[in-house]
Amino acid sequence: MPVRRAIVTGSSGLIGSEAVRFFDARGWAVHGVDNNMRADFFGPDGDTTPNLNRLRLAVRQFTHHPIDIRNRQAIDQLVASERPDAIVHCAAQPSHDLAKDRPFDDFEINAGGTLNLLEAARRHCPESPFIFMSTNKVYGDAPNEYPLVEQPTRYDYARPQDYEGIDESCRVDHCLHSLFGASKLAADVMVQEYGRYFGMPTVCFRGGCLTGANHSSAELHGFLAYVARAVREGRVYRIYGYRAKQVRDNLHAHDVCSAFLAFYESPRPAAVYNLGGGRGNSVSVMEAIDRFEQLLGKKLKTEYVDKARVGDHICYISNLQAFKRDYPSWDVSRTLDDIFQELAAAANTA
Ligand SMILES: NC(=O)c1ccc[n+]([C@@H]2O[C@H](COP(=O)([O-])OP(=O)(O)OC[C@H]3O[C@@H](n4cnc5c(N)ncnc54)[C@H](O)[C@@H]3O)[C@@H](O)[C@H]2O)c1
């Protein structure tokens, strides 16, 4: 059987680097696209060079291309020359808060870069699954309209019908997104359109909090990994509003990649799924701090900012039922505690 080829964008980042490892381990040849823009966005904390170096040592058939996805011609040439069996698009400006300071970079990377890839795929490999990492921020702050109850350590949904979390029917308009949410939504709709209009096998995975030891965590992006880092390094961790009871669901990057593979093996056009850790892997900021303090044996210095981040979700749990219905072999394999242990161990050896 010929070796299958994937192009993975954002290949030095958290999800992209995991995807390179994951597909490489299954015998694929992987072409990674990453220009280390994360260092430009977040400074030294965001530098993905160590990740790229680790990747080069760990994988067998990997070619790195330091291309900017805004470079339409270079992207077109790469897709034309490789004609990959799958495109896994993870490159992004990923921060909700940073987008307002870099609106053109944010939109040109998130929306324009995605269009460059889609169009190159349509020209050169329209049959190949196009897998896009979207985000739950496409729902803007609409999830905050779900009635909530305040519990001692977290918020939770008040109505029994919301127990499993937010599903894909949550509306995406008439709400506040942040510029990041808006640029990702533009890309998400475009990915769906290439599926519907051209019949291409495209999927948008609307991620909850995605995590793993390879996160080059920075204050503005990488929730759990950054809490672990702050505890270890004695940094002050700023909590923005909601009395630290805001809830996120966390999915390990490995489980994100197994969802990519499931879609590759059984693709469909214009698919959209929420993808996070679900209720079982949900945790509030307060609970997460507590667990890392136990694991690392140190107290975290916190500063409470009595103002929530603009458009921040109060309680977000991804409802995974649609993806599990269409891909019944997929499930969350890394529990919340597995994730805590891994991040604490990584923080200790960093
Ligand atoms: N990590 C999360 O919690 C999370 C949650 C929901 C959605 N997502 C989405 O998943 C995807 C991957 O996220 P991540 O956490 O791995 O982010 P990341 O920042 O770790 O990785 C993104 C990579 O893209 C690269 N990149 C940025 N701009 C680029 C450009 N113009 N050209 C080439 N490369 C560029 C960066 O250098 C970085 O290595 C993103 O689309 C993000 O919006 C992530």
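Only this structure's heavy atoms are used, side chains among them; waters, hydrogens and symmetry mates stay out. Start at 1 and go down the list; that is how both ligands and their atoms are numbered. Keep in mind the model is a prediction, meaning the values are calculated, not measured.
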Are Tyr316 and Tyr163 connected, step by step, through hydrophobic side chains (Ile, Leu, Val, Met, Phe, Trp, Tyr) whose heavy atoms are closer than 4.5 Å?
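No: no chain of side-chain contacts under 4.5 Å links Tyr316 to Tyr163.
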Hydrophobic cluster membership, Met286 vs Phe340, 4.5 Å side-chain cutoff:
no
Heavy-atom nearest option to [atom], drawn from [options]:
atom: atom 8 (N) of ligand 1; options: Ser134, Pro94, Ala19; value: Ser134
atom: atom 5 (C) of ligand 1; options: Ala74, Gly208, Gly207; value: Gly208
atom: atom 36 (C) of ligand 1; options: Thr9, Asp34, Val256; value: Asp34

Does any pair with a residue in residues 109-119 pass side chain to side chain donor-acceptor pair (under 3.5 Å), and if so which ones, sequence neighbours excluded?
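Residue pairs with at least one partner in residues 109-119: Arg72-Asn116, His89-Thr114, Asp106-Asn110, Asn110-Ser183, Glu119-Arg122, Glu119-Tyr194.
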Taking only heavy atoms of [X], which atoms of ligand 1 are found under 4.0 Å from at least one of them?
X: Ile15; value: 12 (C), 16 (O)
X: Lys184; value: 40 (C), 41 (O), 42 (C), 43 (O)
X: Asn36; value: 37 (O)
X: Thr48; value: 39 (O)
X: Cys209; value: 3 (O)
X: Ser12; value: 39 (O)

For ligand 1, the portion of [X] having any non-hydrogen atom under 4.0 Å away:
X: His89; result: neither
X: Asn35; result: both
X: Ile67; result: backbone

In this structure, is the centre-to-centre distance between the rings of Phe323 and Phe205 below 6.0 Å?
yes
Evaluate [X] for polar contact with ligand 1, using N/O atom pairs at a separation under 3.5 Å.
X: Leu210; value: yes
X: Gly13; value: yes
X: Phe41; value: no
X: Asp68; value: yes
X: Val33; value: no
X: Leu14; value: yes
X: Ile69; value: yes

Result of checking Phe130, Phe23, Trp28 against Tyr264 for ring-ring contact (aromatic ring centres under 6.0 Å, His included)
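Between Tyr264 and the candidates, ring-ring contact (aromatic ring centres under 6.0 Å, His included) is satisfied uniquely by Trp28.
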Quick one: does any side-chain atom of [X] pair with a main-chain N or O of [Y] as donor and acceptor, under 3.5 Å?
X: Lys137; Y: Ser178; result: no
X: Arg123; Y: Asp76; result: no
X: Trp330; Y: Phe260; result: no
X: Asp167; Y: Gly165; result: no

Mind running side chain to side chain donor-acceptor pair (under 3.5 Å) on Ser318 and Arg279 for me, showing each step along the way?
CA-CA 7 Å; Ser318 311; Arg279 176 160 287 274; over 6 Å; no
Name all pairs fulfilling the salt bridge (charged side-chain N to carboxylate O under 4.0 Å, His left out) condition that reach into residues 183-204, sequence neighbours left out, sorted by first residue then second.
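Of all non-adjacent pairs touching residues 183-204, those that pass salt bridge (charged side-chain N to carboxylate O under 4.0 Å, His left out) are Asp188-Arg206.
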Could you tell me whether the side chain of Glu342 reaches within less than 4.5 Å of the side chain of Arg334, counting heavy atoms only?
yes
